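Let me begin by presenting the structure, written as structure tokens, before commenting on it.
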Amino acid sequence: MDFDINRVKIFVTTPLENVEDVRNAMCEAGAGIIGNYTYCTSSTKSTGTFRPNDDANPYIGEKNNLEFVEEEKLEIVCDVDKVKKVISKLREVHPYEEPAIDIVPLIDENYFK
């Protein structure tokens, strides 16, 4: 397979009360553009789990205690040349010390015959 990756999909989970701030920051930084549309995102409610260790500074919960948190998983497309800026803006507004961020390369549909 030989193809160029021009776009990615960024996934991030965030507490319910912070979804709009994170969405707006990412879109204002240039993510979420599909054709003639902007602010294109999708979100799914989920339950996140984590256990902060002794060195953590948790936004939610207590050190060494397993936490279950209602979150939304936000999905958004992004051109590869904007990823660093988008992630930087996401981190500025995200409340977690270590947000769970996945960046997945996308293959353009025109690659397939």
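Heavy atoms only: backbone and side chains are in, while hydrogens, waters and symmetry mates are out. We number each residue from 1, following the sequence as shown. Not measured: the values here are computed from a predicted model.
- The distance from atom CD of Glu75 to atom OG of Ser43, rounded to the nearest 0.5 Å, is 8.5 Å.
- When all heavy atoms of Val22 and Val93 are compared, the pair lying nearest together is CA-CG2, 3.8 Å.
- Residues Tyr96 and Pro58 fail the side-chain proximity criterion, which asks for heavy atoms closer than 4.5 Å.
- Once rounded to the nearest 0.5 Å, the distance linking OG1 of Thr41 with CD1 of Ile34 reads 9.5 Å.
- Checked by atom type and distance alone, the side chain of His94 pairs as donor or acceptor with a backbone atom of Thr13 at under 3.5 Å.
- With Glu67 contributing its side chain and Glu62 its backbone, the two residues share a donor-acceptor pair below 3.5 Å.
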Problem set entry | Intermediate values then yes/no, side chain to side chain contact (heavy atoms under 4.5 Å, CB included), Val77 and Val8 | CA-CA 6 Å; Val77 295; Val8 299; over 6 Å; no
For this session: Any chance you could lay out the side chain to side chain contact (heavy atoms under 4.5 Å, CB included) test for Ile101 and Phe11, step after step, and finish with the verdict?
Result: CA-CA 6 Å; Ile101 302 168; Phe11 297 85; over 6 Å; no
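- Contact record, Gly48 with Glu71: CA-OE1, 3.2 Å, taken as the closest heavy-atom pair.
- Judged by distance alone, with hydrogens and angles left aside, the side-chain atoms of Glu97 form a donor-acceptor pair with the main-chain N or O of Asn57 at under 3.5 Å.
- Taking hydrophobic clusters as Ile, Leu, Val, Met, Phe, Trp and Tyr residues chained together by side-chain heavy-atom distances below 4.5 Å, Tyr59 does not share a cluster with Val12.
- The one candidate from Thr49, Thr47, Ile60 that meets the side-chain contact (heavy atoms from CB on, under 4.5 Å) condition with Val69 is Ile60.
- When the side chains of ILVMFWY residues are joined at heavy-atom separations under 4.5 Å, either directly or via intervening members, Ile5 and Ile76 end up in a single hydrophobic cluster.
- Asn18 places no side-chain N or O within 3.5 Å of a backbone atom of Thr14 that could act as its donor or acceptor partner.
- Under the 4.5 Å side-chain criterion, counting only non-hydrogen atoms from C-beta, Met26 is in contact with Ile10.
- Of all non-hydrogen atoms in Gly30 and Lys82, the two that sit nearest each other are O-CD, 3.6 Å.
- Applying the salt bridge (charged side-chain N to carboxylate O under 4.0 Å, His left out) test to Lys89 and every residue at least two apart in sequence or in another chain returns Glu92.
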For this session: Please step through side chain to side chain contact (heavy atoms under 4.5 Å, CB included) for the pair Arg23 and Leu74, ending with a clear verdict.
Result: CA-CA 8 Å; Arg23 181 190 330 269; Leu74 188 61; 3.3 Å; yes
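- By the 4.0 Å N-to-carboxylate-O rule, Arg7 lies close enough to Asp79 to be salt-bridged with it.
- Across every non-hydrogen atom of Lys63 and Asn53, the tightest pair is CG-O, 3.6 Å.
- Of the candidates Ile103, Val86, Leu106, Ile87, Val86 is the only one forming a side-chain contact (heavy atoms from CB on, under 4.5 Å) with Cys78.
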For this session: For the pair Tyr39 and Glu28, evaluate side chain to side chain contact (heavy atoms under 4.5 Å, CB included) and give the outcome as yes or no after the intermediate values.
Result: CA-CA 8 Å; Tyr39 280 72; Glu28 289 169 13; 3.2 Å; yes
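- Phe68 belongs to a hydrophobic cluster whose remaining members, ordered by chain and number, are Leu66; membership requires side-chain heavy atoms of ILVMFWY residues under 4.5 Å apart, directly or through intermediates.
- Heavy atoms from other residues, nucleotides or ligands lying under 6.0 Å from CD of Glu70 number 12 at most.
- A donor-acceptor contact under 3.5 angstrom links the side chains of Asn110 and Asp108, judged on distance only.
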